[in-house]
Amino acid sequence: MRIREHPILDFTRGPPLKFTFNGNILEGYPNESVLAALWANGIKSLKKGGPPQGPFCQIGYCSGCMARVNGRPRVRTCLEPVSEGLIVEIEEEPLPPKVTHEAEEGKAEIIETDVMVVGSGPAGISAAIAARGEGLRVDVFERHFRPGGQLVKQTHKFFGSGKLFGGQRGFQIARRLIQDANSLGVRIHTRAPVIGWFKEGFFAVAAQDRLVLVKPRTVIVSTGAVERFLPFPGNTLPGVMGAGAAQTLMNEYGVKPGNRAVVVGAGNVGLIVAYQLLQAGVEVAAVVEVMKEIGGWLVHAAKLRRRGIPILTSHTVIRAEGKNSVERVIVSQVNDKFEPIPGTEKTFEADLLLLAVGLTPEARLLAEMGARMVWTSELGGYVPYRNKYMETSIPGVFVAGDASGIEEATTAILTGRIAGYSAAINILGPRDELLRKREEAIRELEAARMTPFSTKVLKGVGKVMLSELQA
Ligand SMILES: Cc1cc2nc3c(=O)[nH]c(=O)nc-3n(C[C@H](O)[C@H](O)[C@H](O)COP(=O)(O)OP(=O)(O)OC[C@H]3O[C@@H](n4cnc5c(N)ncnc54)[C@H](O)[C@@H]3O)c2cc1C
Ligand code: FES
């Protein structure tokens with residue numbers, strides 16, 4: 001299942017690493033997740049007994065990839081890097097995670113910083129660069145073993161000006177942002193999930209099995225988004241996954257997610273991922289879309305149509321079937337109420353069913369901290385109220401990127417910059433030059449939101465302004 005040739009990505013691999021899975025020796029490669037290495041070796045489920053169940057998200061949210069790793073129970077293998085000699089086992093009966101009392105015993109490491117950034121996607125890294133550029137101490141905490149968020153798996157070229165990375169591909173932009181952050185002296189802590197917050201102003205970070213307490217002067221939450229799921233029979237079968245999860249496997253690790261796919265959703269992500277599947281050597285049987293019209297850019301749809309891929313509008317998935325994993329996908333036409341019309345079913349032989357049905361903001365940390373949240377369908381779900389400087393209802397706590405509402409990477413970079421400058425102003429005071437830089441970022445954000453796709457977002461943003469809460 002490993003991709004050897006790709007029109008855009010180079011998957012030249014060094015010498016393999018050997019690790020064991022349930023006592024069998026398997027091969028993986030440096031910078032590969034354990035889950036990707038298992039998938040490349042044909043292992044699609046880590047569940048013992050009961051109906052087969054596969055991983056859905058590949059980024060730490062669904063728990064469909066948990067295994068025992070070097071004796072540690074319930075490890076999310078999608079967030080764990082392969083290493084030589086690693087021992088991975090399916091858990092017969094998951095042991096409860098070990099509770100440590102390091103904090104009580106005074107053993108926890110304590111990090112004091114000016115700006116704590118949670119999440120290292122384009123929003124978080126841009127925020128960190130802006131704040132660090134003003135001379136502040138900046139610590140970024142990222143739960144994955146590599147920084148960059150979802151940008152590292154994006155292979156398409158970005159629109160927009162050169163100043164905003166126009167013409168560059170997502171993974172190139174991610175590399176550049178991380179280089180800039182490192183050269184400025186931003187401290188990026190990977191494998192460091194922020195797991196909680198205490199009223200006293202501390203944050204708990206489960207850093208590689210050791211507890212770290214962080215005491216920041218300001219906080220920027222840029223935790224990104226989660227892919228949505230759909231209810232239908234067979235939706236937990238291995239081979240059903242988020243479109244972003246397939247991107248992770250093929251674009252990040254060079255592993256084919258399957259051999260023949262059905263993609264649900266003809267928004268930009270569904271259309272782009274369908275094309276990326278073709279680039280990775282995966283056949284695409286069909287793209288199905290419940291709405292009457294294709295939601296994404298028609299230029300992306302045209303690329304698929306030229307390759308003969310049917311895009312079935314007014315259709316949805318009704319079932320996935322297979323013994324141990326997906327073997328076929330049944331779709332059906334829908335009526336005006338989006339109900340399947342009996343007798344219109346079509347069956348596609350496929351081992352992969354990708355759901356590209358939208359994203360939901362991941363802002364639970366802010367909710368836990370007591371930030372005022374509001375359901376805003378235009379922005380994808382629960383998001384915090386904020387002002388135009390990205391400050392939430394908690395003074396000194398900022399939000400950026402998809403955690404503030406689903407958009408895309410360019411706006412994530414800009415909201416990140418605004419949040420970074422705002423955090424700096426919070427600490428250093430309203431210096432003229434800093435205020436000027438923040439205003440420029442706000443103007444750039446307004447310009448970036450002038451596409452036809454931004455109308456909905458702008459409506460949502462209007463609803464979540466702090467002034468609306470106070471009115
Ligand atoms: C799976 C997926 C695929 C996508 N594919 C595309 C695409 O192809 N094209 C496109 O234009 N847009 C795509 N997007 C949209 C994408 O969200 C934006 O382009 C952009 O990456 C958003 O940037 P961000 O920094 O807000 O979030 P992200 O890039 O999602 O970064 C958030 C980071 O926060 C980390 N994190 C989350 N919680 C914690 C915590 N508690 N502690 C520490 N770290 C944490 C995550 O691991 C992640 O690295 C995709 C989104 C997802 C979720
Ligand atoms: S949590 Fe690892 S695949 Fe979802």
Side-chain angles (χ1 to χ4, degrees), residues 33-36 39 46 54-67 74-80 116-127 140-156 158-159 169-171 173-174 177 189-197 203-207 220-228 241-249 251-252 267-273 275-276 296 300 356 358-366 368 380 399-413 415-416 419 453:
S33 73
V34 170
L35 184 59
W39 199 269
L46 297 177
F56 178 77
C57 73
Q58 299 273 350
I59 54 168
Y61 289 108
C62 73
S63 312
C65 67
M66 281 186 174
R74 314 190 78 172
V75 173
R76 286 189 160 92
T77 54
C78 64
L79 298 180
E80 190 72 13
M116 174 188 192
V117 180
V118 188
S120 71
I125 294 287
S126 304
V140 179
F141 295 87
E142 167 55 56
R143 62 192 204 148
H144 204 282
F145 60 84
R146 53 100 194 105
Q150 311 317 321
L151 204 49
V152 297
K153 61 195 72 163
Q154 297 180 21
T155 55
H156 56 280
F158 280 66
F159 302 130
R169 300 181 192 278
F171 66 92
I173 301 171
L177 287 172
H189 309 258
T190 50
R191 300 178 80 188
V194 178
I195 55 167
W197 165 84
F203 289 80
V205 178
I220 298 170
V221 176
S222 47
T223 37
V226 190
E227 289 191 286
R228 289 199 190 133
M241 62 174 85
Q247 280 186 318
T248 306
L249 278 175
N251 297 348
E252 214 176 318
N268 274 328
V269 172
L271 297 174
I272 290 173
V273 169
Y275 192 70
Q276 291 175 354
H300 296 315
L359 301 167
T360 297
E362 166 55 38
R364 284 175 294 177
L365 182 61
L366 285 166
E368 184 190 330
V399 65
D402 279 357
S404 63
I406 304 301
E407 286 191 73
E408 39 74 50
T410 305
T411 48
I413 290 171
T415 53
F453 284 98

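Read the numbers this way: they start at 1 and go in the same order the structure lists the ligands and their atoms.
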Problem set entry | Flag side-chain contact, heavy atom, 4.5 Å: Ile272 against Gln154 | no
For this session: Mind checking the CG-CZ spacing from Asn251 to Phe171? Nearest 0.5 Å is all I need.
Result: 9.0 Å
Exercise. So which heavy atom in the protein is nearest atom 20 (C) of ligand 1, and how far is it from that ligand atom?
Worked result: Pro122 CG, 3.7 Å
Seminar exercise, completed: Any heavy atom of Ala412 under 4.0 Å from ligand 1? The part involved is side chain
For this session: Between Leu79, Asp402, Thr155, flag the one that comes closest to atom 18 (C) of ligand 1 by a heavy atom.
Result: Asp402
Exercise. Do any nitrogen or oxygen atoms of Glu227 come within less than 3.5 Å of a nitrogen or oxygen of ligand 1?
Worked result: no
Exercise. Numbering the atoms of ligand 1 from 1, which are under 4.0 Å from a heavy atom of Gly401?
Worked result: 26 (O)
Exercise. Side chains of Thr248 and Gln58: do they bring a donor and an acceptor to under 3.5 Å?
Worked result: no
Problem set entry | Region of Glu142 engaging ligand 1 - heavy atom pairs below 4.0 Å | both
Seminar exercise, completed: Per-atom filter on ligand 1: closer than 4.0 angstrom to a heavy atom of Pro193 are 42 (N), 43 (C)
For this session: Give a yes or no on whether the backbone of Ala400 and the side-chain of Ser222 come within a donor-acceptor separation of less than 3.5 Å.
Result: no
Problem set entry | contact_flag Gly242 ligand 1 heavy-atom lt 4.0 Å | no
Problem set entry | Region of Val118 that comes within reach of ligand 1 [heavy atoms, distance under 4.0 Å] | side chain
Problem set entry | Taking every non-hydrogen atom, the tightest pair across Val152 and Ala174 | CG1-CB, 3.9 Å
Seminar exercise, completed: shortest atom 34 (O) of ligand 1-to-protein heavy-atom contact is with Gly119 CA, 3.2 Å
Seminar exercise, completed: Residue, atom and distance of the protein heavy atom nearest atom 25 (O) of ligand 1 read Ala123 N, 3.0 Å
Exercise. Heavy-atom distance under 4.5 Å between the side chains of Val194 and Thr223, does that happen here?
Worked result: no
Problem set entry | Backbone N/O of Ala243 and side chain of Glu227: donor-acceptor pair under 3.5 Å | yes
Problem set entry | atom 44 (N) of ligand 1: the protein heavy-atom neighbour that sits closest, reported with distance to 0.1 Å | Arg143 N, 3.2 Å
For this session: Sort out for me which residue in Gln150, Gln247, Arg146 forms a side chain to side chain donor-acceptor pair (under 3.5 Å) with Glu252.
Result: Arg146
Problem set entry | Distance-only polar pair, side chains of Ser63 and Arg76, donor-acceptor under 3.5 Å | yes
Exercise. Any side-chain heavy atom of His156 sitting closer than 4.5 Å to one from His300?
Worked result: no
Exercise. Can you check whether Gln150 has an N/O within less than 3.5 Å of an N/O in ligand 1?
Worked result: yes
Problem set entry | Region of Phe203 engaging ligand 1 - heavy atom pairs below 4.0 Å | neither
For this session: For Thr223, take its heavy atoms, then give the atoms of ligand 1 lying under 4.0 Å from any of them.
Result: 32 (C), 34 (O), 37 (C), 38 (N), 39 (C)
Problem set entry | Thr415 side chain to Gly401 backbone, donor-acceptor under 3.5 Å | yes
Exercise. Which atoms of ligand 1 have any heavy atom of Leu359 under 4.0 Å away?
Worked result: 15 (C), 51 (C), 52 (C), 53 (C)
Exercise. Are any of the heavy atoms in Tyr61 under 4.0 Å away from ligand 1?
Worked result: yes
Exercise. With side chains defined as the heavy atoms from C-beta onward, is the minimum distance between Leu35 and Pro55 less than 4.5 Å?
Worked result: yes
Exercise. Could you state the interatomic distance from OG (Ser120) to CG (Leu151), rounded to the nearest 0.5 Å?
Worked result: 10.5 Å
Exercise. So is Val194 polar-close to ligand 1, meaning N/O to N/O under 3.5 Å?
Worked result: yes
Exercise. Which residue holds the protein heavy atom closest to atom 31 (O) of ligand 1, what is that atom called, and what is the gap in Å?
Worked result: Gly121 CA, 3.4 Å
Seminar exercise, completed: Short version for Leu365: what comes under 4.0 Å of ligand 1, heavy atoms counted, is neither
Exercise. Relative to the ring of Phe141, is the ring of His189 parallel (under 30°), tilted (30 to 60°) or perpendicular (over 60°)?
Worked result: parallel
Exercise. Is a side-chain N or O of Asp402 found less than 3.5 angstrom from the main chain of Glu407, in a donor-acceptor match?
Worked result: yes
Exercise. Short question: side chain of Thr77, backbone of Met66 - any donor-acceptor pair under 3.5 Å?
Worked result: no
Problem set entry | Region of His156 that comes within reach of ligand 1 [heavy atoms, distance under 4.0 Å] | side chain
Exercise. Who's the nearest protein heavy-atom neighbour of atom 3 (C) of ligand 1, and how far?
Worked result: Gln247 OE1, 3.4 Å
For this session: Flag Gln154 as yes when one of its N or O atoms lies below 3.5 Å from any N or O atom of ligand 1, and as no otherwise.
Result: yes
Exercise. Going by the atom numbers of ligand 1, which of them fall below 4.0 Å from some non-hydrogen atom of Ala409?
Worked result: 18 (C), 19 (O)
For this session: Give a yes or no on whether the backbone of Thr410 and the side-chain of Glu408 come within a donor-acceptor separation of less than 3.5 Å.
Result: yes
Exercise. Under 4.0 angstrom from ligand 1, any heavy atom of Glu408?
Worked result: yes
Exercise. Any donor and acceptor pair, going by atom type alone, linking the side chain of Glu368 with main-chain N or O of Trp197 inside 3.5 Å?
Worked result: yes
For this session: Pull out every atom of ligand 1 sitting under 4.0 Å from any heavy atom of Gly149, numbered as shown with elements.
Result: 29 (O), 31 (O), 48 (C), 49 (O)
Problem set entry | Part of Gln58 within contact of ligand 1 (heavy atoms, under 4.0 Å) | neither
Seminar exercise, completed: For atom 1 (C) of ligand 1, the closest protein heavy atom turns out to be Gly244 CA, 3.5 Å
Exercise. What is the closest protein heavy atom to atom 27 (O) of ligand 1, and at what distance does it sit?
Worked result: Gly224 CA, 3.3 Å
Problem set entry | Over-ring placement of Arg143 relative to Tyr61, 6.0 Å and 45° cut-offs | yes
Exercise. So how many protein N, O or S atoms does atom 2 (Fe) of ligand 2 have within less than 2.8 Å?
Worked result: 2
For this session: Rounded to the nearest 0.5 Å, what's the gap from CD1 on Ile59 to NZ on Lys153? Could you check?
Result: 5.5 Å
